[in-house]
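Predicted model, so just to flag it, every value in this text is computed and none were measured. Numbers here simply count residues along the sequence, with the first being 1.
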Amino acid sequence: LIAKNEPTMSPKWVMPKAPKAADWVAGLSIAGLLLPEAVAYAGIAGAPPQAGVMALFAGLLVYFVLGSSRFAIVSPTSSSAAVLLAATASVLHVTDEHRHLMGVAMVLVAGVMLALAGIARLGAISQFIAKPVLRGFALGLALTIVVKQLPLALGVHPAHSDFLRYLWDVLRQWPQWNWYGLTMMLTALVLLRLLGRWKAVPAALLVIAAGIALDALGYCQRWGIAAVGTIAIEGAHLALPALDWVDWLRVGQLAVALALIIYAESYSSIRTLAMRHGDTVAPNRDLVALGAANMLSALFQGMPVGAGYSASSANEVAGAVSKAASLVACGVVGLLVWQLLPWMERIPEPLLAAIVIHAVAHTLNPAALKPYFVWRRDRLVVLVAFVAVILLGVLDGLLAAMGASVLMLLKRLADARVSWLGQIPQSHDYVDTARHAEAQTVPGVLIARPEEPLFFGNADAVFVRLLAQVDDQIRLKTGLKAVVLSLEESPDLDSTAIEALTEFATQIAQRGLVLRLARVKDAVRELLGRVQIPTLAASSYVAWSVDDAVTALGSD
């Protein structure tokens with residue numbers, strides 16, 4: 001299934017088709033979710049409401065034209081919004097207006113990076129962020145987003161931005177809490193949960209409509225609940241951010257993390273939905289589409305966009321059959337903005353907080369981390385990602401978690417284990433004698449297999465270990481005559497590994513022993529043919545299996 005859904009060549013672009021009846025239904029259904037979420041996510045990013053609206057238009061339109069997935073909805077997402085806020089917050093000693101311009105520039109540069117990666121066919125770029133990192137990051141991010149939505153409902157103003165002190169600021173100001181706002185948020189969460197059982201019902205839009213009605217009747221003012229305020233759509237215009245060269249250099253550094261999280265989140269959603277329906281995926285094409293969408297959003301002072309799982313899966317559940325559902329949704333959103341913009345400015349802020357919390361609630365379940373503890377794999381990576389987001393913040397936490405996962409991978413590769421092989425009786429199979437007691441060693445032959453690919457980080461250590469075992473066999477007078485080295489885990493060898501192998505072959509020859517290589521990959525065979533190690537003839541690495549190598553020794 002994976003091979004089917006990850007072709008080496010992406011499907012060719014074709015002209016998008018007109019919406020079908022099912023696409024009209026799906027587009028109408030998700031429009032009521034997308035518009036309130038776009039306004040709410042703008043608040044997460046620290047951007048004005050219109051930034052979310054303009055980004056929504058850009059994402060829906062561009063992905064409809066260029067994207068590959070029939071279900072993906074490219075719109076503002078909570079994770080990219082939080083990363084953008086963290087990135088802009090790291091820019092010190094500037095005015096709020098300048099910081100906003102740098103945020104727009106980050107979206108633009110991230111879009112350029114994504115588009116160039118797609119043109120260069122770097123569709124595997126999302127693999128720079130391991131899934132355990134994403135799981136831990138998503139849990140920590142969701143918890144951070146939820147906590148930072150509370151002041152919208154409670155009417156308090158924390159003095160700090162880091163998670164722990166921010167939470168403490170919220171809690172210690174409990175005498176100033178607006179209990180009406182808290183009640184409105186909790187009520188909205190219950191309604192969103194209940195109405196969410198009927199997928200065709202625009203729950204978010206209905207909740208927003210109820211809140212606008214309360215504001216229009218004067219209740220929100222009486223309860224001290226603030227509204228969204230002005231949504232200056234007319235202020236959005238096509239323009240590049242006016243920044244100095246030094247600012248652009250800083251923007252480029254910060255945009256890398258934003259681009260990675262946009263594509264990692266988007267490709268995960270696109271691939272999951274594609275596999276569910278047996279569709280093909282086109283990672284390089286989607287990179288270009290996401291890049292173009294973010295560039296267009298930035299040119300109209302919008303926020304970052306990506307294919308979030310909640311919006312895309314809502315589109316799938318609503319019955320979409322093609323990309324045209326996003327075009328329908330875009331049209332409906334445009335109609336709502338055109339006709340109802342003054343009313344949208346009266347949305348109570350506690351309702352926006354409820355919509356955000358409801359949207360990220362599915363990632364708040366710690367059970368998503370349980371498999372890593374059951375499998376006993378990558379537990380530390382998951383915990384580091386979660387704790388790093390809480391302690392270091394969204395941006396630094398993500399970078400720290402990525403760094404930790406890469407360091408742990410390098411540690412595992414550098415500390416390569418060597419297995420000593422024996423033959424299973426009455427078979428041609430050779431297995432690790434430490435794990436299979438029935439395996440029998442071959443008299444006079446030491447058979448070794450490095451369990452990680454040989455490269456500059458472990459080659460010297462592996463061959464030192466092999467040579468030490470050879471010397472032990474000689475010292476114990478076991479009658480050792482030959483060494484067989486299985487390279488099945490090494491699809492290629494770098495120059496350090498080649499030099500280490502050359503030295504090892506020389507040492508084996510000086511001890512009067514025969515060296516044979518087994519299960520050598522074609523690329524390594526060709527490389528050894530070019531290197532021509534003096535003490536390792538071409539006949540020494542022709543064996544396709546360990547059994548062939550042992551048999552050849554017997555016939556020498």
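- Within 6.0 Å of CH2 on Trp24 lie no more than 12 heavy atoms contributed by other residues, nucleotides or ligands.
- The backbone N or O of Gly224 lies less than 3.5 Å from a partner atom in the side chain of Asn178, making a donor-acceptor pair.
- The closest side-chain donor-acceptor pair between Glu345 and Thr230, if any, does not fall under 3.5 angstrom.
- Here the closest heavy-atom approach between residue Leu85 and residue Thr88 is recorded as O-OG1, 3.0 Å.
- Across all their heavy atoms, Leu336 and Met344 have their closest contact at O-SD, 4.3 Å.
- In this structure, the side chains of Ile212 and Leu351 stay at 4.5 Å or more apart for every pair of heavy atoms.
- Under a 3.5 Å cut-off, the side chain of Asn315 and the backbone N or O of Phe71 do form a donor-acceptor pair.
- Using cut-offs of 30° and 60° for the angle between ring planes, the Trp375 and Tyr372 rings count as perpendicular.
- Going from atom OG of Ser68 over to atom CG of Leu287 covers 10.0 Å, rounded to the nearest 0.5 Å.
- Put simply, the side chain of Leu391 does not reach to within 4.5 Å of the side chain of Phe163, judged on heavy atoms.
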side-chain contact (heavy atoms from CB on, under 4.5 Å) between Ile355 and Leu33, intermediate numbers included: CA-CA 9 Å; Ile355 290 172; Leu33 168 71; 5.5 Å; no
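- Counting only distance, with no hydrogens or angles, the side chain of Asp169 and the backbone of Ala159 share a donor-acceptor pair below 3.5 Å.
- The backbone N or O of Ala227 lies less than 3.5 Å from no partner atom in the side chain of Arg346, so there is not a single donor-acceptor pair.
- Side-chain atoms of Tyr263 come within 3.5 Å of backbone atoms of Pro283 as a donor-acceptor pair (strictly under, hydrogens ignored).
- Proximity of Leu61 to Leu327: side-chain heavy atoms (C-beta onward) are separated by under 4.5 Å at one or more points.
- The heavy-atom pair separating Ala324 from Phe64 by the smallest distance is CA-CE1, 3.7 Å.
- In terms of heavy atoms, Ala87 sits closest to Met106 at CB-SD, 3.5 Å.
- By the 30° and 60° cut-offs, the orientation of the rings of Trp223 relative to Tyr180 is parallel.
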Full working for side-chain contact (heavy atoms from CB on, under 4.5 Å) between Leu352 and Val356: CA-CA 6 Å; Leu352 293 180; Val356 170; 5.6 Å; no
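- Side-chain atoms of His98 and Asp247 form a donor-acceptor pair, as typed in the model, at a separation below 3.5 Å.
- Taking a 6.0 Å sphere around CZ of Arg377, one finds it holds 12 or fewer heavy atoms contributed by other residues, nucleotides or ligands.
- Side chain of Glu349 to backbone of Ala226: no donor-acceptor contact under 3.5 angstrom is found.
- Residues Glu316 and Arg70 are not paired through a salt bridge, judged by the lack of any N-O separation under 4.0 Å between the basic side chain and the carboxylate.
- In this structure, Ile270 CD1 and Asp286 CG are separated by 4.0 Å, a value rounded to the nearest 0.5 Å.
- The CD atom of Gln50 lies 6.0 Å from the CD1 atom of Ile233; values are rounded to the nearest 0.5 Å.
- Separation of atoms CD1 (Ile44) and CD (Glu37) is listed at 9.0 Å; rounding is to 0.5 Å.
- Between Cys220 and Met184, some side-chain heavy-atom pair lies under the 4.5 Å cut-off.
- By the 4.5 Å heavy-atom criterion applied to side chains, Leu254 and Arg250 are counted as neighbours.
- Checking side-chain atoms of Thr363 against main-chain N and O of Val360 turns up a donor-acceptor pair under 3.5 Å.
- For the pair Arg165 and Asp162, the minimum side-chain heavy-atom distance is below 4.5 Å.
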Applying side-chain contact (heavy atoms from CB on, under 4.5 Å), run through Trp338 and Val333 and close with a yes or a no. CA-CA 8 Å; Trp338 177 38; Val333 169; over 6 Å; no
Could you check Val256 against Met113 for side-chain contact (heavy atoms from CB on, under 4.5 Å), going step by step and ending with a plain yes or no? CA-CA 8 Å; Val256 174; Met113 290 177 177; 3.7 Å; yes
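- Environment of OH in Tyr166: crowded, with over 12 heavy atoms of neighbouring residues, nucleotides or ligands closer than 6.0 Å.
- Residues Val305 and Ala55 approach most closely at CG1-O, 3.3 Å, considering heavy atoms.
- Between Thr272 and Arg276, some side-chain heavy-atom pair lies under the 4.5 Å cut-off.
- Here CG of Leu191 is found 11.0 Å from NE2 of His358. Values are rounded to the nearest 0.5 Å.
- Looking only at distances, no side-chain donor or acceptor of Ser268 sits under 3.5 Å from a matching main-chain atom of Ala264.
- The minimum heavy-atom distance between Leu258 and Ser80, with the atom names listed, is CD1-O, 3.7 Å.
- Summarising the geometry, atom CG belonging to Leu240 is positioned 6.5 Å from atom CG belonging to Leu108; distances are rounded to the nearest 0.5 Å.
- No side-chain donor-acceptor contact under 3.5 Å links Trp177 to the backbone of Ala153.
- Counting only heavy atoms from C-beta outward, the side chains of Leu60 and Leu34 approach each other to under 4.5 Å.
- No donor-acceptor pair closer than 3.5 Å links the side chain of Arg99 to the backbone N or O of Ala89.
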